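Report on one structure; see the data block that follows.
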Number of protein chains: 2
Amino acid sequence: MKHDVSPDSIPPRGHEAKRASIMDAAGAVFCRESFAGANIDMIAAEAGVSRQTIYNHHGDKEKLFVAIVRDLTERCNAGIFATISTFPDQPKDLEADLIAFAVRMTRNCICSRDGKFLRKLIQTEGERYPELFAEWRELGPGRTWPAIAARFARLAHAGFLDIEDPDVAARQFQALANAELQTTFMLGGTPTDDEVLQSATHGVRTFLRAFAKRQPAADAQKHSALAGA
Amino acid sequence: MKHDVSPDSIPPRGHEAKRASIMDAAGAVFCRESFAGANIDMIAAEAGVSRQTIYNHHGDKEKLFVAIVRDLTERCNAGIFATISTFPDQPKDLEADLIAFAVRMTRNCICSRDGKFLRKLIQTEGERYPELFAEWRELGPGRTWPAIAARFARLAHAGFLDIEDPDVAARQFQALANAELQTTFMLGGTPTDDEVLQSATHGVRTFLRAFAKRQPAADAQKHSALAGA
DNA sequence: GACGAATTAGACAAGAGTGTCTAAATTTAT
DNA sequence: ATAAATTTAGACACTCTTGTCTAATTCGTC
C-alpha cells in the first residue's frame, strides 16, 4: 500500500513530468495539424513518450483534446489576469503607461505560446465543440473583458479619461493596440517586438486622441485626482 | 472534332454547373471540417455529384483545395473592391456615411459566405501552405489596404479628417468597426445586423473623436473642398 | 537490492479514406 | 437518331489511424 501523504491519491511524481510533456506536445500538434490532422503517434513522438502512455493518461484522442483546451484556457486566463493586474491605475505618463500595458497584453497573452495555441484551436475547432467553447467563452472573455473595462472605468473616474461606456472602450483599446497585427495573426505568425510596439503606440495614440480629457483648461483637472487611495 | 468556337478548348456547358457545384460544396466542407477532416465523399454528396467526377475535374484532394482558395481569394477581392468603391468621398453626413460604409464592409466582405470561408481556411491551413497564402497576402490585403488607405487620404486632403498616416488610419478604422465582433468571429459565428451596426457605430464615433478636424472654427473648412472633381 | 507501479515496443484487428478502374447510363451536340 | 464525351455506381488495392493487448523493461521507493 502507499503512504498517501497528500490529500487525494496522488500518483507518483514522475508521472507529472510525462503528463506535462504530453500536454505540451498535444497542444502543439493539435494546433499545427488540427484535430483531424493530428495523430497520436505524432504527439507521442513529440512528447518523447510511448503511444500507450497517452492512452493510459487520457483514454482517447477526443478526451485528450478536451483536456488540452481546458488546460490552455486556465493557463491563458491566469496570464491575462496577471497582466491586467499591471494596468496603470495611477499613471505618471498616461500615454507611455498605456502603451507599455498594451505591449504586455499582446506579448504575454496573445503572442505567448499558450495564447497562440488556444486562439488557433478555438478558431479551428470552435464550431465542432460548441459546449466546450461556450465554457471557454464564459471563463475567458466573459471574465476578462469586464475586468479590463473596470480598470478603464477607474481611470476615467480618476479624471484621466473621458469615457462613456467602459466596456466599449476596453474592446476598442484592444482592437486599436493590435490593429496592425491582424494579417500576421491570421496566418499564425508571431510579430516582432518592433511590430508589437509600433501597433501599440499608434493604437494608444489614437485611443487617447479619442478619450483623453478634452480641455485641460488650467491644471485644475490634473490635480483633482480625489478618487485615489 | 469540335468546333472550338471559343479561344481555348472549352469543355461542354453542363460541366460548368457541376464545376461550380463542386467548388461550392468543397468550400463549405473544407471550411467546416478542415483539410484533413474533410473527405471527398462528403464533398461529392454535398455537391450532388459522384466522387469520380471530382477526381476528373481536379485530380486530387490537394489540387482541389488549392483551387478553392484561389477561387475564394478572387471572389472576395472582387467583393472588397466593389465595396471600397462605395467609400464616401464627398460625405454629406460624415459620421452616418462612414458608419454605413463600415457596415457594408463587415456585411459584404467579412460576414459573407465567401469571406467567412476564406478567413477560416487561412486561419486553419495558412501555416501548411505558405506559398499559397503568401499569394493571398499579396493579392488580398496587399492590394485592398492601400486602396482603403487612399480613400482616407483623399478624405483628409479634402478637409474632412485630420490624419497623419492614412495606412494606420485605415487599419484602425477597420479594427474599430469590428471591435465588438471579435469573439463572435473567433468562434466562426455570424453577428446579427444589430450587432454589426452597434459595433460600427461605436467604432466610427471613436474614430471621429480621434480624427475629425479639431477646430471647426468657422464654416471656412467645410466649404474648402477644392480637392473634388 | 527488491518490490510494485508505470512505461515501453511491437503486433494486432477494425475502420476509414484516397485514388484507380470498369462497365453501364446519361447527357450534349451533330 | 447517332456518336462522342461525361457522369455514375460500385468494387478495388492501398495506406493510414485508432485503440487494444501482451510481454519485457524501466523507474521510484523502501
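Convention: sequence-line order gives letters A, B, ...; per-chain numbering from 1. In this text, all values refer to a predicted model and were calculated from it rather than measured experimentally.
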With a non-hydrogen cut-off below 4.0 angstrom, is [X] in contact with a base, only sugar-phosphate, or nothing?
X	result
A:Ala44	nothing
B:Ala36	nothing
A:His58	nothing

A:Gly59 or A:Met42, whichever maps to the more 5' nucleotide of DNA chain D: A:Met42
Axis-to-axis angle between the two ends of the helix from C:dG1-D:dC30 to C:dT30-D:dA1 (five base pairs per end, rounded to 10 degrees): 40°
Quick one: [X] [atom1] to [N] [atom2], roughly how many Å, whole number?
X	N	atom1	atom2	result
B:Lys63	C:dT18	NZ	C1'	13 Å
A:Ile54	C:dT7	CD1	P	11 Å
B:Asn39	D:dT17	CG	C1'	14 Å
A:Ile40	D:dT20	CD1	P	11 Å
A:Arg51	C:dA13	CZ	C1'	13 Å
A:Phe30	D:dT17	CZ	P	13 Å
A:Ile22	C:dT7	CD1	P	8 Å
B:Gln52	C:dA25	CD	P	18 Å

Return no unless some side-chain N or O of [X] is found under 4.0 Å from OP1 or OP2 of [N].
X	N	result
A:His57	C:dT7	yes
A:Thr53	C:dT8	yes
B:Lys18	D:dT8	yes

Shortest non-hydrogen contact between A:Ile22 and A:Ile43, atoms and distance: O-CG2, 4.3 Å
A:Phe35 backbone acceptor or donor facing A:Lys61 side chain under 3.5 Å: yes
Select one nucleotide: of [options], the one nearest the side-chain heavy atoms of [X].
X	options	answer
B:Asp41	D:dT18, C:dT18, D:dT8	C:dT18
A:Asn56	C:dT18, C:dT7, C:dC21	C:dT7
A:Tyr55	D:dA9, D:dT20, C:dG19	D:dT20

Whether A:Phe211 and A:Phe207 hold their rings parallel, tilted or perpendicular, with breakpoints at 30° and 60°: tilted
Verify the ring-centre separation between [Y] and [X]: is it less than 6.0 angstrom?
X	Y	value
A:Tyr129	A:Phe65	yes
A:Phe117	A:Phe30	no
B:Phe87	B:Phe152	yes

Distance-only polar pair, side chains of B:Thr106 and B:Asn178, donor-acceptor under 3.5 Å: yes
Separation between CZ of A:Arg171 and CG of B:Leu181, rounded to the nearest 0.5 Å: 9.5 Å
